[in-house]
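Working notes, beginning with the structure itself.
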Amino acid sequence: MIILTLPDGSERKYDSEILAKEAVQDISQGLYRQALGVVLNGKILGMNDTIKESGDFKVVKFEDKEGKEIFWHTSSHVLAAALEKLYPQTKFAIGPAIADGFYYDIDLDQKLTEEDLEKIEKEALEIARQGHDLEKIVISRAEALERFPQDQDPYKYELISDLAEDAEISLYKLGDFVDLCRGPHLENTKKIKAIKLLSVAGAYWRGDSKNKMLQRIYGISFEKQKQLEEYITLREEAEKRDHRKLGKELDLFSFHEEGPGFPFFHPNGMILRNTLLEWWRGILNENGYGEILTPIILNEALWHQSGHWDHYKENMYFTKIDDGDYAVKPMNCPGSVIVYRSNPHSYRDLPIRLAEYGLVHRHELSGALHGLFRVRAFTQDDAHVYCLRSQVKDEVFKMIDLADYLYSTFGFKYSIELSTRPENYMGGLDAWNLAEDSLKAALEEKGIPYDINEGDGAFYGPKIDFQLEDAIGRTWQCGTIQLDFQLPENFDLTYINEKGEKERPVMLHRALLGSVERFLGILIEHFAGKFPLWLAPVQLRVIPVSEKFLAYAEEVEGIFKNAGFRVDLDKRDEKLGKKIRDGQLQKIPYVFVVGEKEVEGKNISVRARDGVDLGAQEIDAFLEKIQKEVAEKAR
């Protein structure tokens, strides 16, 4: 008997195997009309897949993450079918769903243009409207190699060759187009009512620069045309907020060919960065963290001991010093470990909380670099907590509370994922299971809903990941809390327990800003460059109506500077209107205009950066107002 447990706790019982769509129809015909697939015991299934076991059962629609994955994966096949029809010589690589749509990598001699994308998009939409069923075909590895010969389908042939001899291989047929694919898919393409091809870019086969450069076509699709229109509006808003564009306009940072992937921070950017970090330093100090700083370069033997050599070497940079082999650190944890073990510890000392703003370097492919979001050198607000097993839950609680305080300060909503053991893991299964169970128990006792992100843990331990939602609804992976039994073992870390015996501490890794550079990029886009007053590089600007009022403007500037504000004086020989507009374009929170009336009244005329004229203000009263705005971290 198969027993399916629904999200509300109710059960459906079946005497034998059943198709997913039959189970959904059994629940509700109305639900079936909206459903795109199901999730059984965490595995996504298409409507025509067979349910062979009991377990937790959830029906998914387009608004669900799993529903979008099914929808966009099928859309990538529709795109491929259109490409095959328009460009029969195309050789196909892979076409997965991604977080925001889908892509297909193709090998085509003709370089595709924006005009070509419009033509392909039109053909793809026509194919979707024809209402093709997605037919699953199961064959052997030998049959698959014959179906996708090396001279005609080299990429599919390579993928099949990597599979085991006895592997069962599935193909999906959509009209005349047949693709190698695990699925799952929509029952029929008619649910796809709107398609937009967004761009075409270069991508190395299997992400390896030694392989051929392919063309990657990005797209997105929806159940309704209105959803696509809303997406396009959101995309246009996102382009206005692009941190690379605003970084240049606000003179925050730049990138140069002398250091590809390495950001150059300008004075305004450093004010933003330092203001953020000084505030966060104070918060960590209040929460019992001691700050350390460890070297950027450490010898190769350390990275063998930590496990990075076996699990992370391809992302690291290396150098030689005095004929010895060294590595530039990609992570801060081994340095923190050395600090911990430099002194003996008693159980009475634990927990020990060590924070570090550690600069790390990781080798990223040039095609993956993206402004501050993906760089080769970045600073982590790292912390490592060494504690007793009995203290793990409380320390995780404190870290979650700290994360909540951080993200709510900037107005971010967030969700949580628990990322579990990856394929390339270090250590024993018992320790991993204990670590995963410990994090689950902490989240459940805290009453925090979370999703499981299978196989995405760090190589040394599972982790809690925070997904931030910004002002326009986009999500960003940001902070992380990781539980680690492996490094204390590798480095023989100990403390003296109540019996006077040596015992292993547990190690918690925690970065809540994550990458400082990436967090700054997220902040720039979240606020569209209009930073809260306390963070703004230039908080106030004084503009004299003419040179005649310069002395009073300097007096006003001095009052606010002496009160601790970042204020500048616009003495340029430009028209007043242009100076005011420039202040708005530079997103300065408040501009003070001073002329004859202001001199006579010993006050200021204030304009907010959104263009609102706040009129004449008493200096002391306005100073008190903005001091409160800064103290409260008002947004």
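- Looking at every heavy atom in both residues, Gln584 comes nearest to Arg609 through CG-O, 3.7 Å.
- Between Phe102 and His73, the distance separating the two ring centers is not shorter than 6.0 angstrom.
- Between the Ser408 side chain and the Gly411 main chain, no donor and acceptor come within less than 3.5 Å of each other.
- Closest of all the heavy-atom pairs between Ile44 and Glu69 is CD1-OE1, 3.5 Å.
- Looking at residues two or more places apart in sequence or on another chain, you find a salt bridge (charged side-chain N to carboxylate O under 4.0 Å, His left out) between Lys85 and Glu123.
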Glu417 and Lys463: CA distance, side-chain angles, deciding distance, salt bridge (charged side-chain N to carboxylate O under 4.0 Å, His left out) verdict = CA-CA 8 Å; Glu417 291 181 345; Lys463 56 192 178 118; over 6 Å; no
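- Tyr231 places none of its side-chain heavy atoms less than 4.5 Å from the side chain of Gln227.
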Is there a salt bridge (charged side-chain N to carboxylate O under 4.0 Å, His left out) between Glu223 and Lys191? Walk through the geometry before answering. CA-CA 6 Å; Glu223 292 183 303; Lys191 283 187 179 288; 5.1 Å; no
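- In this structure, Asn453 and Thr420 have side chains that are not in contact, with every pair of non-hydrogen atoms separated by 4.5 Å or more.
- Side chain of Thr233 to backbone of Glu229: a donor-acceptor contact under 3.5 angstrom is found.
- Residues forming a ring-ring contact (aromatic ring centres under 6.0 Å, His included) with His311 (at least two apart in sequence, or on another chain): Phe459.
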**Item:** Glu143 and Arg147: CA distance, side-chain angles, deciding distance, salt bridge (charged side-chain N to carboxylate O under 4.0 Å, His left out) verdict
**Value:** CA-CA 6 Å; Glu143 289 171 317; Arg147 173 67 182 76; over 6 Å; no
**Q.** Evaluation steps, salt bridge (charged side-chain N to carboxylate O under 4.0 Å, His left out), between Arg241 and Glu237
**A.** CA-CA 6 Å; Arg241 293 169 178 258; Glu237 178 61 28; 2.8 Å; yes
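- Here OG of Ser221 is found 13.5 Å from NZ of Lys196. Values are rounded to the nearest 0.5 Å.
- Trp432 approaches Pro422 most closely through the heavy-atom pair CH2-CD, 3.6 Å.
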- Any chance you could lay out the side-chain hydrogen bond (donor to acceptor under 3.5 Å, both in side chains) test for Asp100 and Tyr218, step after step, and finish with the verdict? CA-CA 10 Å; Asp100 197 11; Tyr218 287 97; over 6 Å; no
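- Judged by distance alone, the side chain of Thr5 and the main-chain N or O of Asp56 form no donor-acceptor pair under 3.5 Å.
- Remark: Glu66 engages Lys58 in a salt bridge, criterion side-chain N to carboxylate O under 4.0 Å.
- Side-chain contact between Leu372 and Phe378: absent, with no pair of heavy atoms (C-beta onward) separated by less than 4.5 Å.
- Side-chain contact check for Tyr14 and Glu22: no donor-acceptor pair (N or O, by modelled atom type) lies under 3.5 Å.
- Looking only at distances, no side-chain donor or acceptor of Arg216 sits under 3.5 Å from a matching main-chain atom of Ala201.
- Remark: Phe519 engages Phe410 in a ring-ring contact (aromatic ring centres under 6.0 Å, His included) (not counting sequence neighbours).
- A distance-only check finds a donor-acceptor pair linking the side chain of Tyr407 to the backbone of Leu512 [under 3.5 Å].
- With respect to Arg376 and Glu364, no salt bridge is recorded, no charged nitrogen being found less than 4.0 Å from a carboxylate O.
- Taking NZ of Lys52 as the start and CG of Leu40 as the end, the distance is 12.0 Å to the nearest 0.5 Å.
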Full working for side-chain hydrogen bond (donor to acceptor under 3.5 Å, both in side chains) between Glu53 and Asn41 = CA-CA 9 Å; Glu53 63 181 9; Asn41 294 328; 3.2 Å; yes
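- Taking 4.0 Å as the cut-off between side-chain N and carboxylate O, Asp162 and Arg206 count as a salt-bridged pair.
- Taking the side chain as every heavy atom from C-beta outward, Glu187 and Lys21 approach each other to under 4.5 Å.
- Taking every heavy atom of both residues into account, Tyr405 and Thr409 meet most closely at O-OG1, 2.7 Å.
- Counting heavy atoms from C-beta outward, Val516 and Leu520 have side chains that approach closer than 4.5 Å.
- Of all the heavy atoms in Ser419 and Asp465, the pair that sits closest is OG-OD2, 2.9 Å.
- Between the Thr189 side chain and the Ala128 main chain, a donor and an acceptor come within less than 3.5 Å of each other.
- Salt-bridge annotation for Asp133 and Lys173: absent, with no side-chain N of the basic residue lying under 4.0 Å from a carboxylate O of the acidic one.
- Using a cut-off of 4.0 Å between Lys/Arg side-chain N and Asp/Glu carboxylate O, Lys156 and Asp179 are scored as salt-bridged.
- Remark: side-chain polar atoms of Arg129 are not paired, donor with acceptor, to backbone N or O of Ala124 under 3.5 angstrom.
- Judged by distance alone, with hydrogens and angles left aside, the side-chain atoms of Lys68 form a donor-acceptor pair with the main-chain N or O of Phe62 at under 3.5 Å.
- Asp242 meets the side chain to side chain donor-acceptor pair (under 3.5 Å) test with Arg244; sequence neighbours excluded.
- Here Leu197 contributes atom CG and Glu114 contributes atom CD; the two are 9.5 Å apart, rounded to the nearest 0.5 Å.
- Between Arg12 and Asp26, at least one side-chain nitrogen of the basic residue sits less than 4.0 Å from a carboxylate oxygen of the acidic one, meeting the salt-bridge criterion.
- Side-chain N or O atoms of Asn188 include one that pairs as donor or acceptor with a backbone N or O of Gly131 at under 3.5 Å.
- Contact check for Ile94 versus Leu159: side-chain heavy atoms found under the 4.5 Å cut-off.
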Which atom pairs, one a donor and one an acceptor, fall under 3.5 Å between side chains of residues 468-476 and the rest of the protein, sequence neighbours left out?
residue : atom : partner : partner atom : Å
Asp470  : OD1  : Ile472  : N            : 3.0
Asp470  : OD1  : Gly473  : N            : 3.1
Asp470  : OD1  : Arg474  : N            : 2.9
Asp470  : OD2  : Arg474  : NE           : 2.9
Asp470  : OD2  : Arg474  : NH2          : 2.9
Asp470  : OD2  : Trp476  : NE1          : 3.1
Arg474  : NH1  : Glu525  : OE1          : 2.8
Arg474  : NH2  : Glu525  : OE1          : 3.2

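- Using a 4.0 Å cut-off between charged nitrogen and carboxylate oxygen, Lys122 and Glu118 do not count as a salt-bridge pair.
- Applying the salt bridge (charged side-chain N to carboxylate O under 4.0 Å, His left out) test between Arg141 and each of Glu146, Glu165, Glu168 identifies Glu165 as the sole match.
- Taking 4.5 Å as the limit, every side-chain heavy atom of Leu272 sits out of range of all side-chain heavy atoms of Phe253.
- Ile217 has its side chain within reach of Leu112: a pair of non-hydrogen atoms, C-beta onward, lies under 4.5 Å apart.
- Annotation for Lys61 and Asp64: closest pair N-OD2, 2.8 Å, computed over non-hydrogen atoms.
- Ion pairing between a basic and an acidic side chain is recognised when a charged N comes within 4.0 Å of a carboxylate O; Glu236 and Lys240 show no such pairing.
- Every pair passing ring pair (Phe, Tyr, Trp, His ring centres under 6.0 Å) that includes a residue from residues 144-182 is listed here, sequence neighbours excluded: Phe92-Phe177, Tyr155-Trp205, Tyr172-His185.
- Put simply, the side chain of Glu436 gets close to the backbone of Arg421: a donor and an acceptor are under 3.5 Å apart.
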